[in-house]
Amino acid sequence: MPGSSNPRRRPRVIVDSLEDSPSSSSSEDEVEEEQGGDASEAGEMNLSGRKEEHPVAPSKKAPAFTINLKKVCKVCKEKGHQAGFQGATYIDCPKKPCFLCKKPGHTTMSCPHRVVLEHGIVPAPRRNKLTLLDYVFEREFKPHISKIKPKFVVPDKLEHVLVRFHSRRVTSLEFHPTLSSVLLSGDKKGQIGIWNYDKLHERTLYDSIHSCIVNNMKFDTRNNGLLYTSSSDGTISCTDLETGIPVLLMDVNPNGWNGPATWRMLYGMDTNLDKGLVLVADNFGYLYLLDGRTKVKMGEPILIHKKGSKVVGLHCNPAQPDLLLSCGNDHFGHIWDARRLDNGSSLASLAHGRVVNSAYFSPHSGSKILTTSQDNRIRVWDSIFGNLDSPSREIVHSHDFNRHLTPFRAEWDPKDPSESLAVIGRYISENFNGVALHPIDFIDTSTGQLVAEVVDTDLTTISPVNKLHPRDDILATGSSRSVLIWRPERKDEDREQLPERMKEFIICNSGKKSSKRMFDDDSDDDFSSKRKNSQQKKNGGKSNSAGPRKGKTVKA
DNA sequence: ACTTCATGTCCCC
DNA sequence: TGGGGACCCTGAAG
């Protein structure tokens with residue numbers, strides 16, 4: 001593996017391989033894949049427009065090629081070029097704007113946000129709007145600040161466990177605030193799972209709290225046994241986790257279903273438990289305030305976003321809970337003084353190019369803002385006390401909206417003292433040794449640098465839902481119907497001695513069988529995708545050693 | 001082992 | 001303002 005190293009090596013363009021199935025390339029074992037780069041030469045010649053393709057002399061085990069004279073693009077249906085997946089590599093349609101940065105004139109493969117650095121995801125140029133304070137800071141203070149930021153630790157080898165107890169896709173995740181190994185997950189169907197990932201059989205599924213998408217879950221900080229949940233069924237519930245008995249706090253559809261034009265869905269719930277407040281918003285632009293103790297709605301709903309547009313996120317500032325951040329489908333984020341919402345004017349408006357999937361204050365000081373927008377950009381405001389007219393940074397990152405996916409949200413690492421590390425799943429796929437995988441990205445939001453990408457051959461679906469543990473080095477991922485827990489490989493040497501990790505990327509593998517055995521009681525047989533199956537056949541089942549297989553680290 | 005279908009939400013005309 | 005088209009998906013059914 002060290003030999004092939006660069007994960008972003010040139011794409012292999014396989015033109016009409018005789019073994020035409022999409023899984024053909026992934027079914028080769030890894031040794032063969034090492035030689036796969038050779039094939040790209042032939043493919044690139046083809047891209048340059050030569051119609052007469054002489055069959056490439058098949059080096060041993062390399063896929064054979066045939067001539068395809070009637071190329072038809074799967075994307076735009078026009079002749080003369082091809083687009084779509086060729087094996088595990090996606091070839092863009094040249095008629096389309098770049099799938100990553102959305103600008104025309106180039107394809108994703110040649111997007112400057114992808115290939116300038118080996119990591120492929122780079123910040124948009126910082127806008128030169130420095131204030132006097134910034135210059136003073138740059139000159140007076142910055143030289144004295146250690147170049148090495150307070151460390152955020154990204155382990156370089158991970159292992160994971162995967163469970164599938166949800167029957168629909170996972171839409172929200174939340175770690176228990178005090179019990180270190182308890183994770184809660186909500187799904188599209190309204191079910192809420194509780195899972196102790198240290199005691200693998202301890203898990204519970206509550207299925208009668210909500211009837212559709214669980215959008216948010218929040219623990220009552222004064223009573224960890226209580227969980228507030230909001231749902232697209234239009235209700236907020238407060239559930240006693242011991243008994244599973246929910247108390248209905250609010251139902252915004254008291255008259256039942258009268259068609260989609262009137263059905264209200266609740267999003268973006270947050271709590272300000274200093275004041276006993278629960279805040280939630282709906283898909284028509286309104287904010288609701290609830291007294292969590294008396295379960296009484298406080299006043300009339302307040303319009304905080306464009307009328308008729310969905311409010312998708314709310315966040316109370318951790319340092320000053322009266323400061324409220326909202327975001328919505330009207331392409332705006334807004335900062336509010338929760339004590340003076342009535343006059344309808346926000347303290348600041350954060351404009352975005354598209355729908356804003358999420359907006360969060362930084363987890364400790366609350367002085368930064370991190371947003372995820374459907375224009376494929378993560379935006380960072382370094383200080384809410386500075387000029388908020390434009391973000392301090394725009395980081396191009398692939399997280400498109402799609403019907404089968406929970407909207408992506410970049411989430412802060414609550415353990416990072418520098419408040420700069422964030423995690424977010426990636427939509428666009430990458431060819432990892434012949435398998436198209438969608439990594440989970442760790443991004444240093446202070447620079448836009450991609451710090452690490454987490455992938456595993458067990459996980460072929462996109463992972464839009466991610467949460468970092470408040471204290472431990474643990475990442476929880478919701479991907480389709482699966483929930484994963486990633487943690488440092490425990491056999492690892494002293495992690496402090498590992499080299500600078502900024503340019504490493506992570507491949508982690510745990511034995512599929514071992515995870516399956518843990519959960520055989522559910523007779524889950526969907527651990528293996530078809531691709532995985534074929535891969536293992538070729539491997540002679542090598543990857544199914546009893547214990548977690550050692551992860552691989554590859555320098556970029 | 002392949003193809004088709006359903007599904008949701010947002011964009012754009 | 002509303003309806004049709006887009007979607008590097010996912011899972012199931014035919």
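- One can place CG of Asn376(A) at 15 Å from C1' of dA6(C), the figure rounded to the nearest angstrom.
- Partners of Tyr360(A) by ring pair (Phe, Tyr, Trp, His ring centres under 6.0 Å), not counting sequence neighbours, listed by chain and number: His315(A).
- Every residue meeting the ring pair (Phe, Tyr, Trp, His ring centres under 6.0 Å) condition with Trp336(A), not counting sequence neighbours, appears here in chain and number order: His334(A).
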How would you summarise protein contacts on nucleotides 6-13 of chain B per nucleotide, using B for base, S for sugar-phosphate only and - for none, with heavy-atom distances below 4.0 Å? BBBBSSS-
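- Among residues two or more places apart in sequence or in another chain, the side-chain contact (heavy atoms from CB on, under 4.5 Å) test is passed with Trp263(A) by Asn253(A), Trp257(A), Met265(A).
- Here Thr461(A) lies in heavy-atom contact (under 4.0 Å) with sugar-phosphate atoms only.
- Contacts of Ile462(A) with the nucleic acid, taken as non-hydrogen atoms under 4.0 Å apart, involve only primed sugar atoms and P, OP1 or OP2.
- If you take CZ of Phe99(A) and P of dC7(C), they are 8 Å apart, rounded to a whole angstrom.
- Atom name P, nucleotides dT7(B) and dG14(C): the rounded distance is 14 Å, in whole Å.
- Among residues two or more places apart in sequence or in another chain, the ring pair (Phe, Tyr, Trp, His ring centres under 6.0 Å) test is passed with His399(A) by His397(A).
- Applying the 4.0 Å criterion to OP1 and OP2 of dC8(C), one finds that Lys96(A) has every side-chain N and O outside that range.
- The ring pair (Phe, Tyr, Trp, His ring centres under 6.0 Å) search around Phe99(A) returns Tyr427(A), not counting sequence neighbours.
- Protein atom CG of Asp92(A) is 9 Å distant from nucleotide atom P of dC8(C), rounded to whole Å.
- Toward the 5′ end of DNA chain C lies the nearest nucleotide of Tyr427(A), the other residue of the pair Tyr427(A) and Ser167(A) mapping further downstream.
- Between the side chain of Ser398(A) and the main chain of Ile428(A), a donor-acceptor pair closer than 3.5 Å is present.
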